[in-house]
Undergrad: 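Got a structure for you, questions after.
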Amino acid sequence: MNKWVLIDGNSIANRAFYAIKPLTTSAGLNTNAVFGFTTMLLRLLEEEKPSHMLVAFDAGKVTFRHKDYGDYKGGRAKTPPELSEQFPLMKELLRSFGISQYELEGYEADDIIGTLSRIAEERGDEVVIVTGDKDMLQLATDRVTVLLTRKGVSEVERFSPAAIKEKYGLEPLQIIDLKGLMGDPSDNIPGIPGVGEKTALKLLHEYGSVEEVLAHSDELKGKMKEKVEQHKDDAIMSKELATIFREVPLEREPDELAYRGYDPAALAEAFRKLEFRSLIERLGLPGEGGAAADASADAAELDIVAIASEDETDKLSAMADALAQSQGVYIEAIGENPHHAVVLGLAVAAGGRVYAAALEALQGEAGAPIRSWLADAGAPKVGYDLHKAELALHWLGWELRGTAFDVQLAGYLLDPTDTSQTISGLAQRYGLPAVPTDESVYGKGAKFKVPDTETMLRHLAVKADAIVRIAVRQKEDLERDGMHRLYYELEQPLSAVLAGMEKQGIVVNAEALEQLGRELERDIAATMTEIYRLAGTEFNINSPKQLGDILFDKLGLPVIKKTKTGYSTDADVLEKLEPYHEIVPLILHFRQLSKLQSTYVEGLLKEIRRDTGKVHTYFRQTIAATGRLSSQFPNLQNIPIRLEEGRKIRKAFVPSEEGWYILAADYSQIELRVLAHISGDERLKEAFINDLDIHTKTAMDVFGVKAEEVDANMRRQAKAVNFGIVYGISDFGLSQNLNITRKEAAAFIDQYFAAFTGVRAYMDNIVAQARADGYVTTLLERRRYLPEIKASNFNLRSFAERTAMNTPIQGTAADIIKLAMVRMHERLKEQGLRSRMLLQVHDELVFEVPEDELETMKTLVPEVMENAIELDVPLKADVHYGVNWYEAK
DNA sequence: ATGGTCACG
DNA sequence: ACGTACGTGACCATT
């Protein structure tokens, strides 16, 4: 059977444009929408394997719909020039792909697709329609599936008539009625004012169509009745406008749309013009002049000396001699966890050559000069993820010092939202010679395999060479963006501090955890038995699906919230269900216990190293978009504390030496202090200068009462408002958190802003600034781009606005504690202290301290933390110590 | 691999 | 009208 893929070109291009970060060719031509469009085409070709394919575009400014309704698409914002200039590129690219495209004066892409899908269906063919426009769901049938883009263009949702029924409770054709009732502001289709999706769906479930709703308008009540009756004509017209016209006079024969694949040379040429090097490589397209664009093409230009074994002493000594002129180094450590990574080898770009040596070649005597070069703090190294390399080498007994520049770290500062700072990606960004991706060399997942040594070493060499070139460009960029000092004075030094903490590790007392585990086990078993008894059957309580069946189908409890796959059973929901059935609190209890058991008892026990008796976390410096650290393998930044049962886990975290103590110091209200500083709000500053209880103070101002009139509940609510402010407040979010109505939440927020006018001004300004600049910054000039701040999609835009409010606050707090860590590291060394910094938990630093240093550390740590930076308000750090982490409270 | 849930700041 | 609090990581069940 034939399969047709019909693409709504304008819709997909639009989605791609707003979803994908700005991207230009070296000549400055915008290509982000083309890029998104291309990846979408590639995925469709791969996944759908179409026999026929067509991309339809809107044509002309006036369509037949304008004849009936002059205002059609009236309110729509103009297409930005950055996008319009990309349409010719897309059309040209389609020719290179050999994919048909079509546009017809007076008709929209929808109508062309509607007509073709009808024709294809009549021939008995299968059709897949790809669009971002929900209206097109009206075309779905047993043979016609509609793929709607989600999350920009990276994901699609597949709609058959059954899926539409499930999601909206409507037949495909009723989608037209839906739009008739609710209208569509983006096309200036009026619908009935005051009727949104929720109301429209309710009406349609009841009456079935626009006509039936209008016929029964007398059954409606109040405002609704009034509106419907007033806007009958609008509803009818809106429905007509939303109806896709399926009789467009096409001048094409169906078989002209047959897709026969692309010519690799033509496609490669098109990609080269667009500078889509990664795609050329990903598809294995021919390079310029026809040679395959594989690693060897680029590597051929490199002068590589590959050293596979320690017998190659001449080469090894040549490598050792060249190290003095070394520029770039790449150390290959395989595996996500650097404490268990396997080092394959390293490559050094030096003196016009790249030396690449396998680990085996470096382990003997001939490798000694290379090992001492690695350990030499006076020998500067430019590399990629040297933090990971340092840890991986550590467990081999090798040292790595003298990190001068790291392109992964610099890449993160230049764009902290770019989740994969790979050498291949960085090379592409700067228009440098292509570097094969690690995936293309090693494969991934179950298919991961180290190739022959020769190939592996060549890959390392290419990466070492690229590092040097990338570094040059990044240094310019860091300077340009004002992040030079942030990099050299903060992040780069911090990297070594973190590696030191991670190598040190922290002792976890296995016996203590096992004891706790046995107690949990008893409680879990008893709880399970009771749950099964009340449910009348045994089931997997850990399965949200099975649990949902028991609670909502078997026991008939009310459904509070749904997830996309079924009933929601999260703690929020269960708490609301507590009064209905005695099984509910038991499930909450079970959840709490099994979380502790699996993640914190069993999980942590697995991470204790046999050789050190410690857990060695990996603090990642290039993950969090705000500038915070993250912690993995295990995550030691989320050890329980809020509930006493879980808090006991902390008793297992103990000092590594007899008679030492765990000392923990945490910033008090650092984020609100930062907010006071950057907003300049006088009242908030005043509160901190006088060291008031900030939540009580907030309650006084929000509720307009005196200090002694603030009760626990008022303080709790004020605290939630303060959290909300830091997160980029919304009335809905606050109402959820406090279990109050949206109106009440909105009133709190208004009260807050009336009192803290400087905070309101800051929130307004930062959003405006993000709009104008496209990014926000922290106090130390850390930057985060927010392209979605201009999105027309309300959700995307709102999210970006909240992020604009939150990131400078969270990020500045992160800057400050990072500064404190670097200073603290220096002070410990300068003062010859034996105390060791072990952990950072966002606003807290954890140390192990010998008894005779307790007094010193009790003053030194808060002093360093409080003076890490000078703000308009004082910083405050509290310090506690004890024989374990639990007692340090 | 993905989604749901829950631990932390 | 829209559907939400900001930032993470680990575990389990399910595909």
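The chains referred to below are lettered A, B, ... by the order of the sequence lines, with proteins before strands, and numbering in each begins at 1. FYI, side chains are in, hydrogens and waters are out, and symmetry mates aren't considered; it's all heavy atoms of this structure. None of the values given here were measured: they were computed from a predicted structure.
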Undergrad: Could you state the atom-to-atom distance from CD of Q621(A) to P of dT8(C) in whole Å?
TA: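 That distance rounds to 15 Å.
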
Undergrad: List the steps and the verdict of side-chain hydrogen bond (donor to acceptor under 3.5 Å, both in side chains) for S668(A) and D878(A).
TA: CA-CA 7 Å; S668(A) 161; D878(A) 299 313; 4.6 Å; no

Undergrad: Does this structure show an ion pair linking R591(A) with E645(A), if we count only N-O contacts that are shorter than 4.0 Å?
TA: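 Looking at E645(A) together with R591(A), the answer is no, because their closest N to O distance does not fall below 4.0 Å.
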
Undergrad: Counting any heavy atom closer than 4.0 Å, what does R620(A) reach on the DNA or RNA strands: base, sugar-phosphate only, or nothing?
TA: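 The residue R620(A) makes no contact with any strand.
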
Undergrad: For a quick check of understanding: with a heavy-atom distance under 4.0 Å over all strands, which category does G603(A) fall into, base, sugar-phosphate or nothing?
TA: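 The residue G603(A) makes sugar-phosphate contact but no base contact.
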
Undergrad: Does any donor-acceptor pair link the side chain of R742(A) with the base of dG3(C) at a separation under 3.5 Å?
TA: yes

Undergrad: Name the orientation class of the two ring planes belonging to Y567(A) and F552(A) (parallel below 30°, tilted from 30 to 60°, perpendicular beyond 60°).
TA: tilted

Undergrad: Please classify the nucleic acid contact of I639(A) as base, sugar-phosphate, or nothing, using heavy-atom distances under 4.0 Å.
TA: sugar-phosphate

Undergrad: I need the CZ-P distance between F723(A) and dC6(C), as an integer number of Å.
TA: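 Whole-Å distance recorded here is 14 Å.
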
Undergrad: What does T569(A) touch in the nucleic acid at a heavy-atom separation under 4.0 angstrom: a base, only the sugar-phosphate, or nothing?
TA: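 Sugar-phosphate contact only.
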
Undergrad: Would you say a side-chain N or O of R591(A) is under 4.0 Å from OP1 or OP2 of dC6(B)?
TA: yes

Undergrad: What contact category does V841(A) fall into here, base, sugar-phosphate, or nothing, at under 4.0 angstrom with non-hydrogen atoms?
TA: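 Since only primed, P, OP1 and OP2 atoms lie under 4.0 Å of V841(A), the category is sugar-phosphate.
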
Undergrad: Regarding I641(A), tell me which of base, sugar-phosphate or nothing describes its non-hydrogen contacts under 4.0 Å with the strands shown.
TA: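 Here I641(A) touches the backbone only, sparing every base.
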
Undergrad: Between atom CD1 in I749(A) and atom C1' in dT4(C), what is the gap in whole Å?
TA: 12 Å

Undergrad: Would you classify A571(A) as touching base, sugar-phosphate or nothing, given that sugar-phosphate means primed atoms plus P, OP1 and OP2, and contacts are heavy atoms under 4.0 Å?
TA: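 Here A571(A) touches the backbone only, sparing every base.
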
Undergrad: Does Q810(A) get its side chain close enough to the base of dC6(C), under 3.5 Å, for a donor-acceptor pair?
TA: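 In this structure, the two groups form a donor-acceptor pair.
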
Undergrad: What pair of heavy atoms forms the shortest contact from H205(A) to Y168(A), and how long is it?
TA: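 Reported closest heavy-atom pair: NE2-O, 2.7 Å.
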
Undergrad: Touch check for E844(A), heavy atoms < 4.0 angstrom, all strands: base, sugar-phosphate only, or nothing?
TA: nothing

Undergrad: Expressed as a whole number of Å, how far does the C1' atom of dC2(C) sit from that of dC6(B)?
TA: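 That atom pair is separated by 28 Å.
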
Undergrad: Contact class for N737(A) vs. all strands (heavy atom < 4.0 Å): base, sugar-phosphate, or nothing?
TA: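 Contact class for N737(A): base.
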
Undergrad: Under 4.0 Å from OP1 or OP2 of dG3(B): is there any side-chain N or O of T565(A) that close?
TA: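 Result: no.
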
Undergrad: Over all strands shown, is A625(A) touching base, sugar-phosphate only, or nothing at heavy-atom distances under 4.0 angstrom?
TA: sugar-phosphate

Undergrad: Mind checking if T563(A) touches a base, just sugar-phosphate, or nothing, with heavy atoms under 4.0 Å?
TA: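 T563(A): backbone/sugar contact only, no base atoms under 4.0 Å.
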
Undergrad: Within the 4.0 Å heavy-atom criterion, would you say N793(A) contacts the bases, only the backbone, or no part of the nucleic acid?
TA: nothing

Undergrad: Which whole number of Å gives the distance between the P atom of dA5(C) and that of dT5(B)?
TA: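 After rounding to an integer number of Å, I get 13 Å for this pair.
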
Undergrad: Using the ring of each side chain (for Trp, its six-membered ring), is H695(A) parallel, tilted or perpendicular to F723(A), with breaks at 30° and 60°?
TA: parallel

Undergrad: Does K444(A) NZ have over 12 foreign heavy atoms under 6.0 Å away?
TA: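 Check fails, neighbour count at 12 or below.
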
Undergrad: Between T199(A) and N806(A), who's closer to the 5' end of DNA chain C by nearest nucleotide?
TA: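 The 5'-side residue here is T199(A).
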
Undergrad: Just to be sure I understand the rule, does L734(A) reach a base, reach only the sugar-phosphate, or reach nothing, if contact means heavy atoms closer than 4.0 Å?
TA: base

Undergrad: Please report, rounded to the nearest Å, how far the P atom of dT5(B) is from the NZ atom of K562(A).
TA: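 About 13 Å, once rounded to whole Å.
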
Undergrad: Given atom CG of L605(A) and atom P of dC11(C), what is their separation to the nearest angstrom?
TA: 12 Å

Undergrad: Distance-only, no hydrogens or angles: does the E607(A) side chain make a donor-acceptor pair with backbone N or O of H616(A) under 3.5 Å?
TA: no

Undergrad: Rounding to an integer number of Å, can you tell me how far K719(A) NZ sits from dG9(B) P?
TA: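 The distance from NZ of K719(A) to P of dG9(B) comes to 10 Å, rounded to the nearest Å.
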
Undergrad: Base, sugar-phosphate or nothing for N638(A)? Non-hydrogen atoms, less than 4.0 Å.
TA: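 Result for N638(A) = base.
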
Undergrad: Just how far, in rounded Å, is P of dA1(C) from CG of L181(A)?
TA: 14 Å

